[in-house]
> 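Please see the structure below; I have some questions.
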Amino acid sequence: MQEILRKVTKTLKDEGIASVGKKARSYIKTKNIEKKLKTSQVFQDVLFINGCGPEVPHPARYRVSHQREQLTYYNISSNEVFYQHLSMDMVRLYRGFIFFRCPYNEQIGEFIKFAKKLNKVVLYDIDDLVIDTKYTDMIPYLDTMKSEDRKAYNQNVMEMGHLLRLCDAGITTTTHLQQEMLHYVPEVLINRNTASEEMEKLSDKALQSKKELDHIHIGYFSGSITHNDDFNMIMPVIIELMKTYHHLKLHIVGELELPGELNEYKEQIIQHPFVDWRKLPELIAQVDINLAPLTDTLFNAAKSENKWMEAALVQVPTIASNLGAFEECIESGETGILCSSVEDWKEALVDLIENPDKRNRIARNAWYVCRERWLAYKTGYKLAEFLKKKFHKNIIFVLPSLEISGGVMVTLNHAAIMQKRGYDVSVAYLNAKENWCTVKAQKIPVLHANEGVLEGSIDAAVATMWTTVQILNRNSKIKNKYYLVQNYETNFYQSGDPLRIQANRTYSENENIKYLTISKWCESWLKTEFGKTCKYAPNGIEFDRFHDTAEERTLSGKIRILIEGDCASYYKNVDESFEIVNKLEKEKFEIWYMSYNAQPKEWYRVDKFFHKVPYAKVAQIYRECDILIKTSVLESFSYPPLEMMATGGLVLAVPNGGNVEYLEDGKNCLLYEQGDIEQAVSKINQLCTEKELRHKLYIEGLKTAKERDWNNIESAIESLYMEES
């Protein structure tokens, strides 16, 4: 608030009440935009972070608004925010960030650090050599500033250079700027300033209403007071010509301080205040010749050709210094006139004053070239391609929710692995409540998967349950679509349930989706029953989480048996587990039951019940038990036996499609035939009596679990989402 009051007071003193009102309206508009942006959940490609406040709208117009317009023509979505309103949470919603003329501060430094950790690209855009005081010291006007103002200005310049160094690459307007920026970042794209559609429209309107003038009008559109020395360079020529040509009129627009030497010719001088850019085409169209002088310094050589472009759009010829961007963009004598000395300026001005046909020819040539090469809608390809190459490949995993389940945990581990291996990763689900989720100490952005919200380009999106497939089908911006099949979800529904049909259709339709799985069983039925060729990678566990303090079970004392599963789901077959333990001696065995959803049935023999146990605490329950009984008849990939083996525990299981790829009877576990209760009881007694068997199962069980450690299968997981060449 104090900073705002300081600015209001300074503006009131320096510029008057009208300027205060204008800037206040602009500030309120900006704040409303920021408020909307902070509550937005729309995922887009690029966020432009504007370092110029509403009091200096001109630079942001060319480098933020116009570049956003360029990108729109190439289907790259974007948004913008004032740098002081940047929030850390915004890093979730974009693939890349472009800082324009922003100074460094600690918040931005943390933002960039976090963005890079998430494999987002961070770029810096600037249109003047204001990245080091060795360049800005070339501006004579700065020597007239008060010492405290100059110190603040210099500090701001150095902070911009600091921020530039933190970025991955740069974007700029001219060759000289590119060459200097390459001392700070490894790569810099030249994307010249262009005219927006609105500029084009306003220029066309000004051109159509252009009138024949009864005098020769020359114009100097200075913009800022820092250009005093540029004008002073050609002032002797201007004075001489005004003395010679009494019908010559000089238009001065902007903050130029009129030199005293021109007072004698004030009847021939028309001064205009600094005007809104929308009125500029009309003003430029009122002159016959546009003047663009620059003193020969490196700082000026880095400047853009805006003055030539703006005049060309209203068919006004430009005489410019033979320097920097003017030298690169103007063909002297054809699309403008370049001058290297004061004598050149005099010769060029006399030539155009006395030759209206030449003025008109150069003006028309410049107009034609400008419309071909300097309009935003024709010039965005290089910028769009540059960004596409800089973006890290992104992948969005679309979940039914973030409620913990085996399938969700598999997906989140895939997300963490892909982020670790350099991908820009997000998870998404409908009406998402969270903004972030944490997997293995890695933060993963959470997005809304609602229709119309995922506006950014997506290299790969992954459906993870049949209900999420349609989210992929309705999004045209997804380059590669995948369906990570973890179970035969048709079997989740009883006969007569219409959801059974809908689930099944996701395997038979969707020709544009590539099928993936983490189960050999799923790979098999997708091929034989639906004709889908499926990429496979083994499933994994967080081995260290379960193996921590793992011990071989001695089965001395009371033997603790763990039963895991939702007894409300028929395919979990939990009833059979309790039929087994009900035949065991109560004095010898203690029964623990863990379920995320359903409560135990009345007839179950349960000594201790665990309900909705957080995933972080599951391993401890396994470690405190001796034997796991797992009787599921349908599993895509069965985690509990693998997790139990990682703790050193023993496993008795019914073989099913989700466990036979890693369980071997008599080697790392004991298996029994579903429904054969007596066989199951016999095998538990065998575990209790045969020490050598237990030791073998312990050793081989640990080995099996270790092989499935996520760290050991990262390459296989990454290969699922890599397109084959």
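Atoms considered below: every heavy atom in the structure, side chains included; atoms not considered: hydrogens, waters and symmetry mates.
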> Would Glu635 and Ser632 count as having a side-chain donor-acceptor pair, cut-off 3.5 Å?
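Note: Glu635 and Ser632 side chains meet the donor-acceptor criterion.
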> Okay, side chain of Asn450, backbone of Asn431: is any donor-acceptor separation there less than 3.5 Å?
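Yes, because the side chain of Asn450 sits within donor-acceptor range (under 3.5 Å) of the backbone of Asn431.
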> Could you check if a side-chain atom of Gln686 sits within less than 4.5 angstrom of a side-chain atom of Leu670, using non-hydrogen atoms only?
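With C-beta onward as the side chain, the pair touches.
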> What pairs of donor and acceptor atoms, side-chain ones from residues 495-503 against any protein atom, are under 3.5 angstrom apart with sequence neighbours left out?
| unit_1 | atom_1 | unit_2 | atom_2 | d |
| --- | --- | --- | --- | --- |
| Asp497 | OD1 | Leu499 | N | 2.9 |
| Arg500 | NE | Tyr493 | O | 3.2 |
| Arg500 | NH2 | Tyr493 | O | 3.0 |

> Could Asp45 and Lys388 be called an ion pair, given the rule that one side-chain N must be under 4.0 Å from one carboxylate O?
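No salt bridge links Asp45 with Lys388.
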> Is the closest basic N to carboxylate O distance between Lys532 and Glu511 below 4.0 Å?
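Yes, Lys532 and Glu511 are salt-bridged.
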> Ring centroid separation for Tyr482 and Tyr515, is it under 6.0 angstrom?
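Judged by ring-centre distance (under 6.0 Å), Tyr482 and Tyr515 do not meet the cut-off.
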> Applying side-chain contact (heavy atoms from CB on, under 4.5 Å) to Val408 and Leu412, what does each step give before you reach the verdict?
CA-CA 6 Å; Val408 169; Leu412 293 180; 3.9 Å; yes
> To the closest 0.5 Å, what do you measure between CD1 (Ile458) and CG (Leu447)?
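These two atoms lie 8.5 Å from each other.
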> Examine Tyr662 together with Phe637 and report whether their ring centres are nearer than 6.0 Å.
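Ring centres of Phe637 and Tyr662 closer than 6.0 Å.
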> Search all heavy atoms of Ile559 against all heavy atoms of Cys688 and return the closest pair with its distance.
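Here Ile559 and Cys688 meet closest at CD1-SG, 3.4 Å.
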> Under 6.0 Å between ring centres: does that hold for Trp436 and Phe114?
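For Trp436 and Phe114, the ring centres are under 6.0 Å apart.
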> Do any N or O atoms from the side chain of Asn510 and from the backbone of Ile513 form a donor-acceptor pair under 3.5 angstrom?
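Absent.
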> Should the pair Trp592 and Phe610 be assigned to parallel (<30°), tilted (30 to 60°) or perpendicular (>60°) ring geometry?
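Tilted.
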> Assess the side chains of Arg421 and Ser715: does a donor N or O sit below 3.5 Å from an acceptor N or O?
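On atom types as modelled, these side chains qualify, holding a pair under 3.5 Å.
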> If the plane angle is over 60° it's perpendicular, under 30° parallel, otherwise tilted; pick one for Trp525 and Trp521.
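Perpendicular: the ring planes of Trp525 and Trp521 meet at over 60°.
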> Please report the C-alpha distance between Phe530 and Asn504 in whole Å, then the side-chain angles of each, then the deciding distance to 0.1 Å, and finally whether the side-chain contact (heavy atoms from CB on, under 4.5 Å) criterion is met.
CA-CA 10 Å; Phe530 296 95; Asn504 210 68; 3.6 Å; yes
> Check whether the side chains of Glu643 and Tyr622 place a donor and an acceptor atom closer than 3.5 Å, and report yes or no.
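Judged by distance alone, the side chains do pair up.
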> Distance alone, cut at 3.5 Å: any donor-acceptor contact between the side chains of Tyr596 and His611?
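The answer is no; no qualifying pair exists.
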> Is there a donor-acceptor contact under 3.5 Å from the side chain of Gln107 to the main chain of Leu86?
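Yes; at least one donor-acceptor contact below 3.5 Å.
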> Write down the atom of Leu454, the atom of Ala449, and the distance for their closest heavy-atom approach.
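For Leu454 versus Ala449, the nearest heavy atoms are CD1-CA, 4.3 Å.
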> Considering only NZ, NE, NH1 and NH2 on the basic side and carboxylate oxygens on the acidic side, decide whether Lys390 and Glu187 come within less than 4.0 Å.
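Judged by the 4.0 Å cut-off on N to carboxylate O distance, Lys390 and Glu187 do form a salt bridge.
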> In terms of side-chain geometry, is the basic nitrogen of Glu455 or Lys477 positioned less than 4.0 Å from the acidic oxygen of its partner?
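Here Glu455 does not pair with Lys477 in a salt bridge, since their nearest N and O are not under 4.0 Å apart.
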> Name all residues meeting the side-chain hydrogen bond (donor to acceptor under 3.5 Å, both in side chains) criterion together with Thr528; count only those two or more places apart in sequence or in a different chain, and write none if there are none.
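Counting only residues at least two positions away or on another chain, Thr528 forms no side-chain hydrogen bond (donor to acceptor under 3.5 Å, both in side chains).
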> Strictly below 4.0 Å, N to O, side chains only: are Asp575 and Lys601 in salt-bridge contact?
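Salt bridge: yes.
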> I would like to know whether Phe111 and Phe97 meet ring-ring contact (aromatic ring centres under 6.0 Å, His included); could you show each step before the answer?
CA-CA 10 Å; Phe111 184 95; Phe97 304 91; 5.0 Å; yes
> Can you confirm whether more than 12 heavy atoms, excluding those of Lys558, are under 6.0 Å from its NZ atom?
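Enclosed: over 12 neighbouring heavy atoms sit under 6.0 Å from NZ of Lys558.
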> Begin with the C-alpha distance, continue with both residues' side-chain angles, and end with the deciding distance and a verdict on salt bridge (charged side-chain N to carboxylate O under 4.0 Å, His left out) for Lys683 and Asp665.
CA-CA 11 Å; Lys683 293 217 170 187; Asp665 185 37; 3.3 Å; yes
> Under a 3.5 Å distance rule, please check whether Ser524 uses its side chain to pair with a backbone N or O of Lys520 as donor and acceptor.
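No, because the side chain of Ser524 does not come within donor-acceptor range (under 3.5 Å) of the backbone of Lys520.
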> Less than 4.5 Å apart, any side-chain heavy atom of Phe546 and any of Gln620?
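They are not in side-chain contact.
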> Please check if the side chain of Tyr507 supplies one atom and the backbone of Glu489 the other of a donor-acceptor pair under 3.5 Å.
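Between the backbone of Glu489 and the side chain of Tyr507 there is a qualifying donor-acceptor contact (under 3.5 Å).
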> Examine distances only and state if a side-chain atom of Tyr483 and a backbone atom of Trp466 form a donor-acceptor pair shorter than 3.5 Å.
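Yes, Tyr483 side chain to Trp466 backbone: donor-acceptor pair under 3.5 Å.
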> Hydrogens and angles aside, do Arg505 and Thr490 bring a side-chain donor and acceptor to less than 3.5 Å of each other?
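Per modelled atom types, Arg505 and Thr490 side chains form no pair under 3.5 Å.
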> Do you know the tightest heavy-atom contact between Lys535 and Leu720?
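Closest approach of Lys535 to Leu720, heavy atoms only: NZ-O, 3.3 Å.
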> Given 3.5 Å as the limit, does a donor-acceptor pair link the side chain of Asn394 with the main chain of Ser457, or not?
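Such a contact is found between Asn394 side chain and Ser457 backbone.
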> Begin with the C-alpha distance, continue with both residues' side-chain angles, and end with the deciding distance and a verdict on ring-ring contact (aromatic ring centres under 6.0 Å, His included) for Phe578 and Tyr593.
CA-CA 10 Å; Phe578 282 98; Tyr593 176 39; 5.2 Å; yes
> Pick from Ile541, Leu628, Leu663: which one makes a side-chain contact (heavy atoms from CB on, under 4.5 Å) with Met645?
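When Ile541, Leu628, Leu663 are each tested with Met645, the side-chain contact (heavy atoms from CB on, under 4.5 Å) holds only for Leu663.
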> Verify whether one side chain among Ser519 and Thr517 offers a donor that lies under 3.5 Å from an acceptor in the other.
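Note: Ser519 and Thr517 side chains miss the donor-acceptor criterion.
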> Heavy atoms only: give me the nearest Cys625-Met644 pair and the separation to one decimal.
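Looking at all heavy atoms of both residues, the closest pair is O-CE, 3.5 Å.
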> Is a side-chain donor or acceptor of Glu552 paired with a backbone partner of Tyr698 at a separation under 3.5 angstrom?
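No, the answer is negative, given that no donor and acceptor are paired below the 3.5 Å cut-off.
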> Distance only, no hydrogens: is a donor on one side chain within 3.5 Å (strictly under) of an acceptor on the other, for Tyr536 and Glu661?
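Note: Tyr536 and Glu661 side chains meet the donor-acceptor criterion.
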> Does the side chain of Tyr429 come under 3.5 Å of the side chain of Glu403 through a donor N or O and an acceptor N or O?
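There is no such pair between these side chains.
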> Start with the C-alpha gap between Lys667 and Glu664, add the side-chain angles, then the distance that decides, and say whether salt bridge (charged side-chain N to carboxylate O under 4.0 Å, His left out) holds.
CA-CA 5 Å; Lys667 183 177 180 181; Glu664 294 185 57; 3.7 Å; yes
> With a 4.0 Å cut-off on N to O distance, would you call Arg95 and Asp459 a salt bridge?
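Answer for the salt bridge query: yes.
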> Evaluate the ring-ring contact (aromatic ring centres under 6.0 Å, His included) criterion for residues Tyr570 and Phe492: first the C-alpha distance (whole Å), next the side-chain angles of each, then the deciding distance (0.1 Å), finally the verdict.
CA-CA 9 Å; Tyr570 77 94; Phe492 288 177; 9.2 Å; no
> Using every non-hydrogen atom in the two residues, find where Arg92 and Asn435 come nearest and quote the distance to one decimal.
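Answer, listing the atom of Arg92 first, then Asn435: CD-O, 2.8 Å.
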> Compute whether any side-chain donor of one residue and acceptor of the other, for Lys630 and Asn659, lie under 3.5 angstrom apart.
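No donor-acceptor contact under 3.5 Å links the two side chains.
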> Side-chain donor-acceptor pair under 3.5 Å between Asn539 and Tyr639, yes or no?
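Yes.
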> Main chain of Ala598, side chain of Ser595: is a donor-acceptor contact present, judged purely on distance under 3.5 Å?
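It does hold such a pair.
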> Does NZ or CZ of Lys393 fall inside the cone over Tyr423's six-membered ring, less than 6.0 Å from its centre and within 45° of the axis?
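Checked: cation-pi criterion not met.
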> Please give me the minimum heavy-atom distance between Tyr94 and Asp424, naming the atom from each residue.
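Here Tyr94 and Asp424 meet closest at O-OD2, 4.4 Å.
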> When Lys706 is tested against each of Asp709, Leu702, Thr704 for side-chain contact (heavy atoms from CB on, under 4.5 Å), which residue passes?
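By the side-chain contact (heavy atoms from CB on, under 4.5 Å) criterion, Lys706 pairs with just one of Asp709, Leu702, Thr704: Asp709.
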> Is Arg553 reaching over with its side chain to a backbone N or O of His695, donor-acceptor style, under 3.5 angstrom?
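No, the answer is negative, given that no donor and acceptor are paired below the 3.5 Å cut-off.
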> Check step by step if salt bridge (charged side-chain N to carboxylate O under 4.0 Å, His left out) holds for Lys572 and Glu564.
CA-CA 9 Å; Lys572 293 294 185 180; Glu564 187 277 336; 5.7 Å; no
